[in-house]
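Whatever order the structure lists them in is the order used to number ligands and atoms, beginning at 1. None of these values were measured; they are calculated from a predicted model.
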Amino acid sequence: MVLFSCWFVPPATDICAQEPQPTFNPTAYKGKYLLVLLFSIDDPRAPMAMDLMKELYTRRRDVNMEVAAVCLNTGKDQEARRFTALHHPPFPVFLDTSGSFAQSLRITSGLGLVIYGKDGNVIATKDASPSAGQSDLSSSWKGFINRYIPIGYTPDDVPVLGYKPPFPVFEAIATNGATINIKSILGKKPFVFVIFSPSCSHCQHELEFLQTQYTSQEFKGKLEIIAVSRGDTTSTDALVKKKKLSFPVLLDTNSTITARFPSFIGSVPLSYLVDRNGTIAFQHTGFSEYTADNYLMELRKLCGLPNPPLLNPSGYSGEERCKVCHERQHIQWSLTRHADAYLSLVRKGSEHDPACVSCHVTGFGRSGGFNLEDKKTARRLEGVQCESCHGPGATSCTAFTKVKDNPRTRAQWEMICRSCHTEKESLNFKFEHRFPKVIHTAVPDLSSMSSQDREAFIQNYRQKKNLFDNPASYVGAANCKSCHEEQYRHWQTTLHATAHTTPQARSAPADKSYRYHTGVENPGGYPEPGREGVQCEACHGPGERHVKEPNKKGHDYIVSLSQECSSCVVEQICRRCHSPGDDPRFDFDAYIPRIRHPKTSTHQKK
Ligand code: HEC
Ligand code: HEC
Ligand code: HEC
Ligand code: HEC
Ligand code: HEC
Ligand code: HEC
Ligand code: HEC
C-alpha cells in the first residue's frame with residue numbers, strides 16, 4: 001500500500017481535513033470512485049491537466065467521486081510548491097517522495113491519470129502520450145474517464161438527441177495505392193468508417209462482419225466501407241489478405257486520420273455509420289454479437305432496406321435496439337429523468353444495492369431483465385427504459401410480434417407507473433399531471449433546431465416546475481408553531497430561519513429568490529408577509545389543508561419526510577435549493593442530521 005503525506009491541503013477539503021495525519025491511502029476512499037492526476041511541473045500540459053481536474057472536481061458529487069493529485073517532482077520541492085499554490089487546486093495534492101507510485105502504475109511520461117474503483121482497487125490508468133497536444137489531451141482524458149465514471153461527456157462526433165454531426169472531409173492513400181477522397185463518397189451512398197488495429201480480435205470480428213455484408217446480395221453496391229488501420233503496413237497487409245477484405249484500407253500514419261475524431265481515445269474498434277447526407281447517424285465502440293444485430297438494423301435503415309426488428313425473443317433487448325427504429329420516441333425518452341434513473345443511483349453510490357435498483361433499472365427480477373449478477377447484460381438495461389413501460393420488445397413491438405394489440409387504457413398505464421411511483425418513493429405522484437410528460441409526441445423535432453434553441457428547450461423541459469403539486473396555499477411558519485412547538489424551536493436554530501438575512505441572500509438576483517424564501521410565486525407564498533426565509537413549508541409543502549384537517553394523511557395535505565425514501569424524495573426537496581450549481585458543497589448525508597428535528601419531540605396528537 002502506498003502512503004504519502006498530505007502535502008497541499010486546500011481550505012475546506014473533504015479528505016485531508018478528516019484525517020488527523022493526512023496520508024494518501026486509496027483504500028480510505030472506498031465506496032467512492034477516486035480520480036488521481038499524476039503530474040510533473042516540467043510537463044507544459046500540467047496547468048491544463050490541473051484545470052481539467054478542477055472542472056471535474058465541481059462535479060464530483062454527481063458521480064460519487066473524489067479527486068486528488070500526486071506531484072512527481074521529488075527533487076524540486078520549492079518550485080513544485082509554488083506551482084501548486086499558484087494553481088490553487090480545491091483538492092489535496094500529495095508528493096510521490098520515493099517515485100515508486102508512478103512507477104508502480106507504469107506512468108513514465110510525467111503526466112497521467114489513475115482511477116480507483118469503489119472497492120479501492122485500480123481500475124484504469126492512462127499515461128499521457130508525449131506527443132498529444134493540449135486540446136486533444138483534454139478531450140481524450142474526458143473520454144477516457146467517462147468510460148469508467150459517468151461524468152456525462154459526449155465527444156463532438158457522437159450523434160445525440162437527433163443532432164447528427166457532419167463527417168470530416170479529408171484525403172488519404174489506401175494500402176493499395178489508391179487515393180481516397182471522402183468528399184467524393186459523401187452524399188452518394190451510406191458508408192461505414194471503421195478504425196481498427198490488426199492484432200485486436202474484436203476488430204477482426206467486426207471486419208469479417210463488414211466484409212460479409214459488403215459482398216452480400218442484400219447490400220452489394222448500396223454501401224461503401226472504409227477501414228483505417230492503426231497498425232503498420234506489414235501487419236495491415238497480412239490481415240487484409242487473410243480476411244480477404246475487398247474494401248479500401250487506410251494507414252493512420254502519425255495518427256493524422258484518428259486525430260480528426262474526438263471519440264478516438266486509443267480504443268478500437270471504433271466505427272461511424274454515415275448517412276446519405278454525410279452526417280454521422282450512428283457510432284459504436286467495441287464489437288460483440290449484441291452490437292452486430294444493432295449494426296445490421298442500422299445499415300438496413302441507412303440503405304432503405306426492409307428492416308424486421310432483431311430483438312431478444314425471450315427477454316429484454318435494451319433501448320439501444322429500440323432507438324434504431326423508434327428515433328422520435330427515443331429522443332423524447334432521453335429527455336426524461338427515466339433515462340438518468342441509474343445515474344441517480346451512481347450519485348448515491350447505491351447502484352449495487354438490490355433495495356434500490358428495482359425501480360431504477362429495466363426488468364428487475366424478471367426473466368431476461370436487469371440482473372445484478374450478470375454485469376454484461378445489466379449495462380444495457382440501466383435506467384427506466386422503453387421496456388419498463390412497454391414490456392419486453394419481443395412482446396410489445398408490434399413489428400416483431402406481428403399482432404396489433406389493443407392500446408392500453410389510462411387505468412392500465414397508471415398501474416404500471418404506480419408500481420414504481422409509490423407514495424414512499426415519489427413526491428405526490430399525480431397521474432394526470434405526470435402522464436403528459438412521458439408521452440413521446442410531447443417534444444418537437446429537435447434535429448431542426450439551432451443548438452441554442454435546443455439547449456434552452458431541454459433545460460426548460462427537464463425543470464420540475466411544481467415540486468409539491470399540492471392544491472393548498474402556503475400559510476407561513478407562524479401557523480405551525482402552536483401545534484409543533486418543538487420542531488419550531490429547532491428550526492429557529494438552523495440557518496434556514498434566517499437564510500434571507502445573509503449578505504448572500506440580499507445580493508442574490510430575483511430569479512434566485514426561491515432559495516431564500518418560502519412558496520415563491522405560489523398561492524399564499526412569498527412575497528406575502530411572513531414567508532421570509534426557508535420555512536417549514538419549503539420542506540413539507542404548502543400547509544393550508546393540513547392546518548385545517550391535521551389528521552388527514554397524504555401528500556396533498558402534508559409531506560411527512562419521515563416516511564418517504566430519503567434519497568428519492570427528501571433529498572430532491574433539498575436539491576431544489578442546494579443544487580450543484582447553487583451550492584457545490586452540499587452533501588446530503590452530512591447535512592441532513594442537522595435538519596431532522598430532535599427525536600425527543602413528538603407532535604401533539606389529539
Ligand atoms: C427494426 C425496427 C424496429 C425495432 C428495432 C423496434 N421496433 Fe418497435 N416497431 C417497429 C415498427 C415498424 C412498428 C410499427 C408496426 C405496426 O404499425 O404494425 C413498431 C411498433 C412498436 C410498438 C407499437 C406502437 C403502436 O402503435 O402501438 C411498440 C410499443 C414498439 N414498437 C416498441 C418497441 C420496443 C420497446 C423496441 C425495443 C426493444 C422496438 N420497438 C424495436 C420497428 C421496430
Ligand atoms: C420501473 C420504474 C418506473 C416506472 C414503471 C415508471 N417510472 Fe417514472 N420514474 C421512475 C424513477 C426511478 C424516476 C426518477 C429518475 C431519477 O430522477 O433518477 C422517475 C421519474 C419520473 C418523472 C420525472 C419526474 C418529474 O416530475 O420531472 C416523471 C414525469 C415520471 N417518472 C412519470 C412516469 C409515468 C407517467 C409513468 C407511467 C406511464 C412512469 N413514470 C413509470 C421510475 C419509474
Ligand atoms: C419502489 C421504487 C423505488 C425504489 C425501491 C427506490 N426508488 Fe429511488 N426513485 C423512485 C421514483 C419513482 C423516483 C422519482 C421520484 C419522484 O417522482 O418524485 C425516484 C427518485 C430517486 C432519486 C432522484 C431524486 C431527485 O433528486 O430527483 C434518487 C437519487 C433515488 N431515487 C435513489 C434511490 C435509492 C438510493 C434507493 C435505495 C435506497 C431508491 N432510490 C429506491 C423509485 C424508487
Ligand atoms: C414511462 C413510460 C414509457 C417509457 C419509458 C417509454 N414509453 Fe413508449 N409509450 C408510453 C405511452 C404512455 C405511450 C402512448 C400510448 C398511448 O397514447 O396510448 C407510448 C407510445 C409508444 C409508441 C407508439 C407511438 C407513439 O409515439 O405514441 C412507441 C412506438 C413507443 N412508445 C416506443 C417507445 C420506445 C422506443 C421507448 C424507449 C426509447 C419508449 N417507448 C419508452 C410510455 C412509455
Ligand atoms: C392544529 C394543529 C396543527 C397545526 C396548526 C399544524 N399541524 Fe402538523 N400535525 C398536527 C397533528 C395532530 C399531526 C399528527 C397527525 C398524525 O400523526 O396523524 C401533525 C403532523 C405533521 C407532520 C407529520 C406528518 C405525518 O404524516 O407524519 C408534519 C410534517 C407537520 N404536521 C407539519 C406541519 C406544518 C409545516 C404546519 C404549518 C404549516 C403544521 N404542521 C401545522 C397538527 C397541526
Ligand atoms: C429544511 C427542511 C425542513 C424544514 C425547514 C422543516 N422540516 Fe420538519 N422535517 C424535516 C425532515 C427531513 C423531517 C423527517 C425527520 C426524520 O426522518 O426523522 C421532518 C419531520 C417533521 C415532523 C414529523 C415529526 C418529527 O419531528 O420527525 C414534523 C411534525 C415537522 N417536521 C414539522 C416541522 C415544522 C413545524 C417546521 C417549521 C417550524 C419544520 N418541520 C421545518 C425537514 C424540515
Ligand atoms: C427553499 C430553499 C431551501 C430548501 C428547500 C432547503 N434549503 Fe438548506 N439552505 C438554504 C439556504 C438559502 C441556506 C443558507 C446557505 C446558502 O445560501 O446556501 C441553507 C442552509 C442550509 C444548511 C446550513 C449550511 C451552513 O452553511 O451552515 C444546512 C445544513 C441545510 N441548508 C440543509 C438542508 C437540507 C438537508 C435540506 C432538505 C431537507 C434543505 N437544506 C432544504 C435553502 C434551502
Side-chain angles (χ1 to χ4, degrees), residues 293-294 296-298 300-301 306-312 316-334 336 338-339 341 362 383-410 412-413 416-417 420-421 434-442 477-481 483-492 494-497 499 518 533-540 543 558-564 566 569-571 573-574 577-578 591-604:
D293 278 357
N294 279 12
L296 206 50
M297 292 194 292
E298 289 161 5
R300 285 176 178 148
K301 183 174 179 175
N307 201 358
L310 303 172
L311 302 178
N312 179 354
Y316 290 76
S317 296
E319 45 89 14
E320 276 291 318
R321 289 254 155 104
C322 320
K323 180 182 170 183
V324 180
C325 305
H326 299 292
E327 211 177 333
R328 208 194 63 227
Q329 286 86 356
H330 193 273
I331 293 173
Q332 185 274 340
W333 169 78
S334 305
T336 67
H338 286 143
T362 302
V384 178
Q385 301 186 358
C386 325
E387 292 167 295
S388 292
C389 286
H390 290 288
T395 60
S396 61
C397 178
T398 50
F400 187 85
T401 59
K402 310 230 167 50
V403 189
K404 195 103 190 154
D405 270 342
N406 289 329
R408 286 201 180 101
T409 62
R410 284 172 83 89
Q412 284 169 326
W413 278 116
I416 293 172
C417 315
C420 299
H421 288 274
R434 300 249 207 148
F435 193 58
K437 285 194 167 183
V438 303
I439 298 289
H440 310 307
T441 44
N479 277 305
C480 314
K481 194 178 173 194
C483 301
H484 299 292
E485 231 171 286
E486 286 178 61
Q487 285 89 356
Y488 189 91
R489 225 177 298 125
H490 166 249
W491 166 70
Q492 280 196 308
T494 68
L495 194 52
H496 284 141
T518 302
V534 179
Q535 303 186 352
C536 325
E537 292 166 291
C539 290
H540 292 288
I558 202 80
V559 183
S560 136
L561 298 182
S562 26
Q563 264 110 64
E564 290 82 357
S566 62
V569 175
V570 184
E571 187 176 351
I573 295 169
C574 314
C577 300
H578 296 282
Y591 279 36
I592 188 69
R594 282 148 72 185
I595 296 308
R596 288 201 171 109
H597 316 296
K599 267 304 160 215
T600 49
S601 62
T602 44
H603 36 249
Q604 296 168 4

Plane angle bin for H597 and H490 - parallel if under 30°, tilted between 30 and 60°, otherwise perpendicular: perpendicular

Measure up the H338 and H421 rings against each other and bin them: parallel (under 30°), tilted (30 to 60°), perpendicular (over 60°). perpendicular

For ligand 6, which atoms sit closer than 4.0 Å to a heavy atom of [X]?
{"X": "I595", "result": "1 (C), 2 (C), 3 (C), 42 (C)"}
{"X": "C480", "result": "35 (C)"}
{"X": "H496", "result": "1 (C)"}
{"X": "C539", "result": "1 (C), 2 (C), 3 (C), 4 (C), 5 (C), 43 (C)"}

Does ligand 1 have a heavy atom under 4.0 Å from the side chain of K301, from its backbone, from both, or from neither?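 K301 to ligand 1: no contact under 4.0 Å from either part.
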
Looking at [atom1] of [X] and [atom2] of [Y], how far apart are the two atoms once the value is rounded to the nearest 0.5 Å?
{"X": "W413", "Y": "C389", "atom1": "CH2", "atom2": "SG", "value": "5.5 Å"}
{"X": "K404", "Y": "T398", "atom1": "NZ", "atom2": "OG1", "value": "4.5 Å"}
{"X": "I331", "Y": "T336", "atom1": "CD1", "atom2": "OG1", "value": "13.0 Å"}

Pairs where residues 316-326 contributes a residue and the test side chain to side chain donor-acceptor pair (under 3.5 Å) is met, not counting sequence neighbours: N294-R321, E319-H330

Below a 4.0 angstrom heavy-atom separation, can you tell me which part of [X], side chain or backbone, both or neither, approaches ligand 6?
{"X": "W491", "result": "side chain"}
{"X": "S560", "result": "backbone"}
{"X": "A477", "result": "neither"}
{"X": "Q535", "result": "backbone"}

Take L310 and L296 through the test side chain to side chain contact (heavy atoms under 4.5 Å, CB included) and record every step on the way to the result. CA-CA 9 Å; L310 303 172; L296 206 50; 4.2 Å; yes

Atom of R300, atom of P308 and distance for their closest heavy-atom approach: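 In terms of heavy atoms, the two residues are closest at NH1-CD, 4.5 Å.
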
Does ligand 4 have any N/O pairs with the protein under 3.5 Å, and how far apart?
{"from": "ligand 4", "atom 1": "7 (N)", "to": "H390", "atom 2": "NE2", "distance (Å)": "2.9"}
{"from": "ligand 4", "atom 1": "7 (N)", "to": "H440", "atom 2": "NE2", "distance (Å)": "2.9"}
{"from": "ligand 4", "atom 1": "9 (N)", "to": "H390", "atom 2": "NE2", "distance (Å)": "2.8"}
{"from": "ligand 4", "atom 1": "9 (N)", "to": "H440", "atom 2": "NE2", "distance (Å)": "2.8"}
{"from": "ligand 4", "atom 1": "26 (O)", "to": "R328", "atom 2": "NH2", "distance (Å)": "3.1"}
{"from": "ligand 4", "atom 1": "26 (O)", "to": "Q329", "atom 2": "NE2", "distance (Å)": "3.0"}
{"from": "ligand 4", "atom 1": "31 (N)", "to": "H390", "atom 2": "NE2", "distance (Å)": "2.8"}
{"from": "ligand 4", "atom 1": "31 (N)", "to": "H440", "atom 2": "NE2", "distance (Å)": "2.9"}
{"from": "ligand 4", "atom 1": "40 (N)", "to": "H390", "atom 2": "NE2", "distance (Å)": "2.8"}
{"from": "ligand 4", "atom 1": "40 (N)", "to": "H440", "atom 2": "NE2", "distance (Å)": "2.9"}

For atom NZ of K481, is the number of surrounding heavy atoms from other residues, nucleotides or ligands below 6.0 Å larger than 12?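 No, because the 6.0 Å sphere around NZ of K481 holds 12 heavy atoms or fewer from other groups.
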
Got a sec: is H597 within less than 2.8 Å of atom 8 (Fe) of ligand 6 via an N/O/S atom? yes

With nothing but distance in play, are any N or O atoms of Q487 less than 3.5 Å from an N or O of ligand 6? yes

Return yes or no for this condition: an N or O of H484 is under 3.5 Å from an N or O of ligand 6. no

For a 4.5 angstrom cut-off between non-hydrogen side-chain atoms, does S566 reach R596? yes

Measuring only between side-chain heavy atoms, which start at C-beta, is C577 closer than 4.5 Å to V534?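 Contact flag for C577/V534 side chains = no.
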
Report the residues that fulfil side-chain contact (heavy atoms from CB on, under 4.5 Å) with Q492, sequence neighbours left out, ordered by chain and then residue number.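 Y488.
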
Mind checking side-chain contact (heavy atoms from CB on, under 4.5 Å) for I558 and listing every partner two or more places apart, or none if nothing turns up? H540, H546

For K404, the ligand 1 atoms with a heavy-atom partner under 4.0 Å come out as 16 (C), 17 (O), 18 (O), 26 (O)

For ligand 1, which atoms sit closer than 4.0 Å to a heavy atom of M297?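 Counting from 1, the qualifying ligand atoms are 1 (C), 5 (C).
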
